[in-house]
Amino acid sequence: MNFSTSDRQFMVEALDLASRGAASCMPNPQVGCLLVNQGEIVGRGWHQQTGGPHAEVFALQDAGELARGATAYVTLEPCAHHGRTPPCADALIAAGVQRVLVALEDPYHEVAGRGIERLRQAGITVISGLMATEARWQNRGFICRCENNRPWVRMKMAASLDGRTALANGTSQWITGEPARADVQELRARSGALLTGIGTVLADSPRMTLRKPGAGRQPLRIILDSRWQTPHDAPILTEPGRVLIAGLESSPVPPELQSACERRGHQRLVLPASASGLDIWPLLTALAAEQINEIQVEAGAKLAGSLITAGLVDELVVYLAPKVMGDKARGMFVLEELVSMEQINNWHWQDIAKIGNDLRLTLIPEAEKK
């Protein structure tokens, strides 16, 4: 399908509208809607809050009577089922919209083409696929959960120009500048969970909180701790929000830790063993059942290397600082020695952006490149 330049421009604006709900609409997808009548934008809307009206409803309210005969640019297929809100497909039909351009069909099983079909049955022209790649990337977590029954796993790291994450003595604050650290908070804001390992908890005493003005929630914090070594008074356990500690059944849980978890409402999850310590597939399945779309991993080189080796990282975000720390400093990943070039883990550049005086490098596994 050949789309016009104006069609693309309108969908770009709809995608930009959708992004405004990244931190507030989860576990629902980000959706934007633009209503255009005779070449003029008459209505704008986006899904602002979980449980609140969807993008199409806001756009229709904004347009009023000008919605009749308009074209709707929607970043995700309008819903056709009664969830927390009525079907958006019905709202578009009732408003007299004449044409709907959809970026991406909704993979959620209760929609999955039904919204488009309902619009067509009402005599509305529906065309899908306009900027589908961009829409899929925008909602990569929601789509991953719907299609793969697990959240999207993003790994965040900060490194020097020579790929070092800390000095040999463990000092790492701060490799990157304040703008990069603020940008990390934006990534945390769109994440349903933050994951780290016991090594990081013991070495750095992180709090793993969302530190963003106006943040209305804290992501679930997850500690992979096979031997239940998390100190009962660790800062990560004392901050507001829920913590989940995952470990092995074969290791006893210290009474102090068990008591601290019970007192503060934190959870413990027993996982099976794997060659690298813990098999986290049951954890990912459990998080999907909780409707968590995205996990952000902020961990040390050992856990980072294990997740890379296991093929469990969907997105790698590296904040690269223009600093050189030397070969005695700590590297990014602990990996088994590779003996041939065919064993190398290949990645595809998804995005490169300058954040302050640092670079933000966003990559996806080469095998996932579309």
Side-chain angles (χ1 to χ4, degrees), residues 1-25 28-108 111-140 142-143 190 370:
M1 177 72 187
N2 292 322
F3 296 101
S4 69
T5 300
S6 60
D7 283 338
R8 293 183 181 279
Q9 290 173 340
F10 290 138
M11 189 60 81
V12 166
E13 182 162 348
L15 287 165
D16 182 65
L17 288 169
S19 68
R20 300 183 188 183
S24 58
C25 70
N28 295 343
Q30 301 169 54
V31 183
C33 179
L34 202 71
L35 290 172
V36 178
N37 200 329
Q38 296 184 356
E40 298 292 329
I41 298 173
V42 296
R44 295 178 174 88
W46 69 93
H47 186 27
Q48 300 179 14
Q49 193 74 37
T50 307
H54 289 184
E56 297 91 331
V57 173
F58 280 118
L60 291 170
Q61 290 174 350
D62 190 31
E65 286 300 316
L66 292 176
R68 188 162 301 277
T71 294
Y73 294 83
V74 190
T75 60
L76 192 69
E77 177 183 1
C79 62
H81 68 292
H82 281 270
R84 291 170 172 165
T85 59
C88 291
D90 289 353
L92 291 169
I93 294 167
V97 169
Q98 188 175 58
R99 182 169 171 256
V100 177
L101 271 68
V102 175
L104 190 69
E105 293 185 18
D106 194 333
Y108 183 54
V111 185
R114 294 181 180 88
I116 290 175
E117 182 60 27
R118 183 173 297 188
L119 292 171
R120 286 174 174 162
Q121 288 177 350
I124 296 173
T125 299
V126 183
I127 305 170
S128 64
L130 173 57
M131 304 192 72
T133 300
E134 292 82 354
R136 187 175 181 89
W137 176 254
Q138 186 174 69
N139 276 309
R140 53 198 180 276
F142 173 76
I143 292 168
R190 64 171 291 154
K370 300 297 183 183

Roughly how far, to the nearest 0.5 Å, is [atom2] of [Y] from [atom1] of [X]?
{"X": "Y108", "Y": "I143", "atom1": "OH", "atom2": "CD1", "value": "15.0 Å"}
{"X": "Y73", "Y": "M11", "atom1": "OH", "atom2": "CE", "value": "8.0 Å"}
{"X": "F142", "Y": "R136", "atom1": "CZ", "atom2": "CZ", "value": "11.5 Å"}
{"X": "R190", "Y": "S24", "atom1": "CZ", "atom2": "OG", "value": "11.5 Å"}

More than 12 foreign heavy atoms under 6.0 Å from CD of Q48: is that the case here? yes
Close side-chain approach of [X] to [Y], heavy-atom, < 4.5 Å:
{"X": "F10", "Y": "I41", "answer": "yes"}
{"X": "P78", "Y": "V111", "answer": "no"}
{"X": "L92", "Y": "L60", "answer": "yes"}
{"X": "I93", "Y": "I124", "answer": "yes"}
{"X": "Q30", "Y": "S19", "answer": "yes"}
{"X": "N139", "Y": "L104", "answer": "no"}
{"X": "F3", "Y": "I127", "answer": "yes"}
{"X": "H54", "Y": "V31", "answer": "no"}

Judged by atom type as modelled, is there a donor-acceptor pair below 3.5 Å linking the side chain of [X] to the main-chain atoms of [Y]?
{"X": "T75", "Y": "G32", "answer": "yes"}
{"X": "E56", "Y": "A91", "answer": "no"}
{"X": "N37", "Y": "R68", "answer": "yes"}
{"X": "E77", "Y": "G113", "answer": "yes"}
{"X": "S128", "Y": "A103", "answer": "no"}

What pair of heavy atoms forms the shortest contact from [X] to [Y], and how long is it?
{"X": "A89", "Y": "R118", "result": "CB-CD, 4.1 Å"}
{"X": "R99", "Y": "D7", "result": "NH2-OD2, 3.7 Å"}
{"X": "L35", "Y": "A67", "result": "CD1-CB, 4.2 Å"}
{"X": "L101", "Y": "T71", "result": "CD1-CG2, 4.0 Å"}
{"X": "C33", "Y": "L17", "result": "O-CD1, 3.7 Å"}
{"X": "D62", "Y": "G43", "result": "OD2-CA, 3.3 Å"}

Counterpart residues, salt bridge (Lys or Arg N to Asp or Glu O under 4.0 Å), relative to R114 (two or more places apart): none
Just jot down the salt bridge (Lys or Arg N to Asp or Glu O under 4.0 Å) partners of E13, sequence neighbours excluded, or say none. R44
Considering only residues two or more places apart or on different chains, which pairs with a residue in residues 122-135 satisfy salt bridge (charged side-chain N to carboxylate O under 4.0 Å, His left out)? none
For the pair R8 and L130, evaluate side-chain contact (heavy atoms from CB on, under 4.5 Å) and give the outcome as yes or no after the intermediate values. CA-CA 7 Å; R8 293 183 181 279; L130 173 57; 3.9 Å; yes
